Amino acid sequence: QVQLVESGGGLVQPGGSLRLSCAASGFTFDRYAMGWFRQAPGKEREGVSAISSTDDSTYLAYSVKGRFTISIDNAKNTVYLQMNNLIPEDTAVYYCAVAPRITTATMLEHYYHYWGQGTQVTVSS
């Protein structure tokens, strides 16, 4: 059973930083992508960032370029999302997901078969 556990969310002031972690277990895929998605109240889920376990290629949504950085620890099957210069619009539940046998940093939800339960990020004064 594939399990993904997000951590690192919380309340932060605008301009602050958070580092999200997602630890995946229960799978033996040697090729996969991991991604971060988010969903704010009243809005549809959107892709934030993705990374390939094969070559560390990455994708960042335009709205977070220059502020967020994604990285992966292949040995630990853990993906991180470093979020800097946070703004209130970043407030959302952040989900990590795994796309098995995918070798590109895709944000297409069609490929993501496993999802975590999410971690809340709130950016507010």
Side-chain angles (χ1 to χ4, degrees):
Q1 181 82 4
V2 175
Q3 301 285 339
L4 293 89
V5 180
E6 302 99 335
S7 62
L11 175 64
V12 65
Q13 294 186 355
S17 298
L18 286 173
R19 183 176 184 253
L20 305 184
S21 299
C22 176
S25 63
F27 70 94
T28 58
F29 312 124
D30 56 355
R31 295 168 294 145
Y32 59 93
M34 295 186 73
W36 288 97
F37 299 79
R38 68 186 182 186
Q39 187 166 24
K43 296 184 178 180
E44 294 185 349
R45 186 167 59 198
E46 63 175 343
V48 177
S49 186
I51 188 167
S52 169
S53 69
T54 303
D55 60 5
D56 289 344
S57 62
T58 62
Y59 167 87
L60 286 168
Y62 181 81
S63 61
V64 304
K65 284 183 178 179
R67 301 190 297 118
F68 291 9
T69 303
I70 191 169
S71 61
I72 190 169
D73 185 334
N74 289 320
K76 297 180 179 179
N77 294 129
T78 299
V79 67
Y80 306 92
L81 186 67
Q82 179 66 46
M83 305 186 295
N84 298 325
N85 300 315
L86 286 161
I87 59 177
E89 290 77 10
D90 295 320
T91 296
V93 177
Y94 284 70
Y95 301 90
C96 66
V98 172
R101 293 175 288 279
I102 297 298
T103 58
T104 61
T106 182
M107 279 274 87
L108 297 175
E109 293 192 21
H110 170 80
Y111 295 108
Y112 285 90
H113 294 179
Y114 307 102
W115 295 78
Q117 292 184 317
T119 185
Q120 177 71 49
V121 171
T122 302
V123 185
S124 176
S125 298

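Values reported hereafter were calculated over all heavy atoms of this structure, with side chains retained and with hydrogens, waters and symmetry mates removed. Predicted model only: the values in this text are computed from it and were never measured.
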Requested in this report: Might you work through the side chain to side chain contact (heavy atoms under 4.5 Å, CB included) test for Ile51 and Val79, ending with a clear yes or no?
Outcome: CA-CA 8 Å; Ile51 188 167; Val79 67; 3.8 Å; yes
Polar side-chain atom of [X] near backbone of [Y] as donor-acceptor pair, under 3.5 Å:
X	Y	result
Glu6	Gln117	yes
Thr106	Thr104	no
Thr54	Arg31	no
Ser52	Ser57	no

Query raised in the report: Does the pair Ile87 and Arg67 meet the rule for a side chain to side chain contact (heavy atoms under 4.5 Å, CB included), with working shown?
Result: CA-CA 10 Å; Ile87 59 177; Arg67 301 190 297 118; 4.0 Å; yes
Query - Distance under 6.0 Å and angle within 45° of ring axis: Arg38 vs Tyr95 - result: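 The answer is no, since Arg38 fails at least one limit relative to Tyr95.
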Query - From Met107 atom CE to Glu46 atom CD, the distance as rounded to the nearest 0.5 Å - result: 10.0 Å
Query raised in the report: How long is the span from the CZ atom in Arg19 to the OG atom in Ser7, to the nearest 0.5 Å?
Result: 9.0 Å
Report task. Classify the side-chain pair Asn84/Ser17 by whether it contains a donor and acceptor separated by less than 3.5 Å. Result ->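 Yes - a donor-acceptor pair under 3.5 Å links their side chains.
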Query raised in the report: Distance only, no hydrogens: is a donor on one side chain within 3.5 Å (strictly under) of an acceptor on the other, for Asp73 and Tyr80?
Result: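 There is no such pair (donor and acceptor under 3.5 Å, judged by atom type) between the side chains of Asp73 and Tyr80.
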Requested in this report: Just do the side chain to side chain contact (heavy atoms under 4.5 Å, CB included) check on Thr78 and Ile72 with the steps written out, would you?
Outcome: CA-CA 6 Å; Thr78 299; Ile72 190 169; over 6 Å; no
Query raised in the report: Trp115 and Phe37: aromatic ring centres closer than 6.0 Å?
Result: yes
Query raised in the report: Considering all heavy atoms of both residues, which atom of Gly35 and which atom of Tyr112 are nearest to each other, and what is their separation?
Result: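 That would be N-CE2, 3.5 Å.
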Requested in this report: Go through the steps to decide whether Ser49 and Leu81 satisfy the test side chain to side chain contact (heavy atoms under 4.5 Å, CB included), and finish with yes or no.
Outcome: CA-CA 8 Å; Ser49 186; Leu81 186 67; 4.1 Å; yes
Query raised in the report: Would the number of heavy atoms belonging to other residues, nucleotides or ligands and lying under 6.0 Å from CZ of Phe27 be above 12?
Result: yes
Query raised in the report: With Thr122, which of Leu86, Leu11, Val12, Leu18 fulfils side chain to side chain contact (heavy atoms under 4.5 Å, CB included)?
Result: Leu11
Query raised in the report: Can Val121 be reached from Val5 by stepping across I, L, V, M, F, W or Y side chains whose heavy atoms are under 4.5 Å apart?
Result: no
Query - hydrophobic_cluster_shared for Met83 and Val64, side chain cutoff 4.5 Å - result: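 Yes, Val64 and Met83 fall within the same hydrophobic cluster.
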Report task. If the plane angle is over 60° it's perpendicular, under 30° parallel, otherwise tilted; pick one for Phe68 and Tyr94. Result -> tilted
